[in-house]
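One structure is given below, encoded as C-alpha cells.
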Amino acid sequence: MRRPVTERARQFAKTLRTRQTDAEWRLWSRLRGGRLEGLKFKRQVPVDGYILDFVCLEARLIIELDGGQHAESVRDRLRDEHFRQAGFETIRFWNSDVVKDADDVAHQIEVKAKLRLPPST
C-alpha cells in the first residue's frame, strides 16, 4: 500500500536533487536521460515515507549510495525489506566505490536491471 507523498517530503527530495553528493552526481551523470541502455532512472524519489536515491521503475530496482553512517543500519534493512515485499530489489554501493569507479558501478546496475526487466512481448 503506497502512502501519499507529503509536501514536506516532496520539498526535501527536491532539495536533495539540488545538493547532490559527489558520488550521486557521478552516478547520475551515467544514469540520466536513458544513457544506461535506454533505462529510465529517477533520482531522490519520495515513496512510502522514504526517499530513494535512484530508482528504475520498469526494472523495479532501487539504487542506494551509502556513506559510513549506513554501516549495519537496522533502518536500511527494514526499508529494503519493505520494498522487497512490494516487488523491488535494492542494491547498495558505497560512495567511495562510485567515486573510485563510477563506470563499473553503472555496469553492475545495468546487468542487474536487465535481469529484472519483464520479458518483452
Side-chain angles (χ1 to χ4, degrees):
M1 172 184 230
R2 290 197 58 179
R3 291 185 265 173
V5 177
T6 65
E7 185 58 30
R8 182 177 179 203
R10 207 179 310 277
Q11 287 302 314
F12 184 56
K14 184 177 180 179
T15 298
L16 290 174
R17 285 191 294 273
T18 61
R19 295 182 183 167
Q20 297 180 90
T21 66
D22 186 43
E24 289 169 339
W25 181 86
R26 286 173 189 248
L27 187 56
W28 181 238
S29 71
R30 286 154 179 85
L31 299 179
R32 65 189 282 260
R35 292 179 183 174
L36 194 66
E37 293 296 312
L39 296 166
K40 182 177 180 179
F41 285 87
K42 294 182 177 190
R43 64 187 170 127
Q44 303 301 343
V45 181
V47 179
D48 290 346
Y50 299 99
I51 296 185
L52 310 177
D53 287 344
F54 303 96
V55 63
C56 177
L57 295 173
E58 183 181 18
R60 300 186 68 78
L61 183 64
I62 297 167
I63 313 303
E64 289 295 316
L65 301 186
D66 296 336
Q69 76 275 15
H70 288 273
E72 303 299 319
S73 169
V74 172
R75 179 169 163 76
D76 286 349
R77 284 195 301 274
L78 293 172
R79 169 194 168 132
D80 292 351
E81 179 60 21
H82 169 81
F83 286 107
R84 187 192 66 71
Q85 289 181 11
F88 284 83
E89 181 174 349
T90 301
I91 55 176
R92 295 179 172 278
F93 296 95
W94 293 109
N95 288 334
S96 58
D97 291 336
V98 176
V99 170
K100 187 172 32 175
D101 194 348
D103 289 330
D104 180 60
V105 170
H107 176 73
Q108 291 179 56
I109 293 167
E110 176 187 345
V111 169
K112 181 62 79 172
K114 284 181 176 179
L115 290 172
R116 292 192 50 83
L117 286 173
S120 49
T121 54

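We find the CD1-CD1 distance between I62 and I91 to be 10.5 Å, quoted to the nearest 0.5 Å.
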Check against side-chain contact (heavy atoms from CB on, under 4.5 Å), K40 and L57: CA-CA 8 Å; K40 182 177 180 179; L57 295 173; over 6 Å; no
Intermediate values then yes/no, side-chain contact (heavy atoms from CB on, under 4.5 Å), I109 and F41: CA-CA 11 Å; I109 293 167; F41 285 87; 3.7 Å; yes
Step-by-step side-chain contact (heavy atoms from CB on, under 4.5 Å) determination, R43 to D53: CA-CA 5 Å; R43 64 187 170 127; D53 287 344; over 6 Å; no
Step-by-step side-chain contact (heavy atoms from CB on, under 4.5 Å) determination, D76 to R92: CA-CA 10 Å; D76 286 349; R92 295 179 172 278; 3.5 Å; yes
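Between F54 and W28, the angle of the ring planes stays under 30°, which puts this pair in the parallel group of the 30/60° scheme.
In this structure, R60 has no salt bridge (charged side-chain N to carboxylate O under 4.0 Å, His left out) partners at least two apart in sequence or on a different chain. Residues meeting the side chain to side chain donor-acceptor pair (under 3.5 Å) test with K114, sequence neighbours left out: E110. Shown here are the ring pair (Phe, Tyr, Trp, His ring centres under 6.0 Å) partners of F93, two or more places apart in sequence or in another chain: there are none. Residues passing the side chain to side chain donor-acceptor pair (under 3.5 Å) test with D97: none are found, sequence neighbours excluded. For E89, the salt bridge (charged side-chain N to carboxylate O under 4.0 Å, His left out) partners are K112, R116, not counting sequence neighbours. With sequence neighbours excluded, no residue satisfies side chain to side chain donor-acceptor pair (under 3.5 Å) with E58. Among residues two or more places apart in sequence or in another chain, the salt bridge (charged side-chain N to carboxylate O under 4.0 Å, His left out) test is passed with D22 by R26.
Here the options are H107, Q108, K100, the test is side-chain hydrogen bond (donor to acceptor under 3.5 Å, both in side chains), and the partner is D104; only Q108 passes.
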Distance-only criterion, 3.5 Å: show the donor-acceptor pairs between side-chain atoms of residues 32-39 and protein atoms not counting sequence neighbours.
residue, atom, partner, partner atom, Å
R35, NH1, S29, O, 2.9

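Contact between I51 and Q44 at its shortest, heavy atoms only, is CG2-OE1, 3.4 Å. Taking every heavy atom of both residues into account, F88 and L61 meet most closely at CD2-N, 3.9 Å. Considering every non-hydrogen atom in both E24 and Q20, the closest pair reads OE1-CA, 3.3 Å. Closest approach of A59 and A113 over heavy atoms only: CB-O, 3.7 Å.
Residues V99 and L65 fall into different hydrophobic clusters, defined by Ile, Leu, Val, Met, Phe, Trp and Tyr side chains chained together at heavy-atom separations under 4.5 Å. Clustering ILVMFWY residues whenever any of their side-chain heavy atoms sit less than 4.5 angstrom apart, transitively, puts L31 in the very cluster that holds L117.
A heavy-atom distance below 4.5 Å is found between the side chains of R30 and D103.
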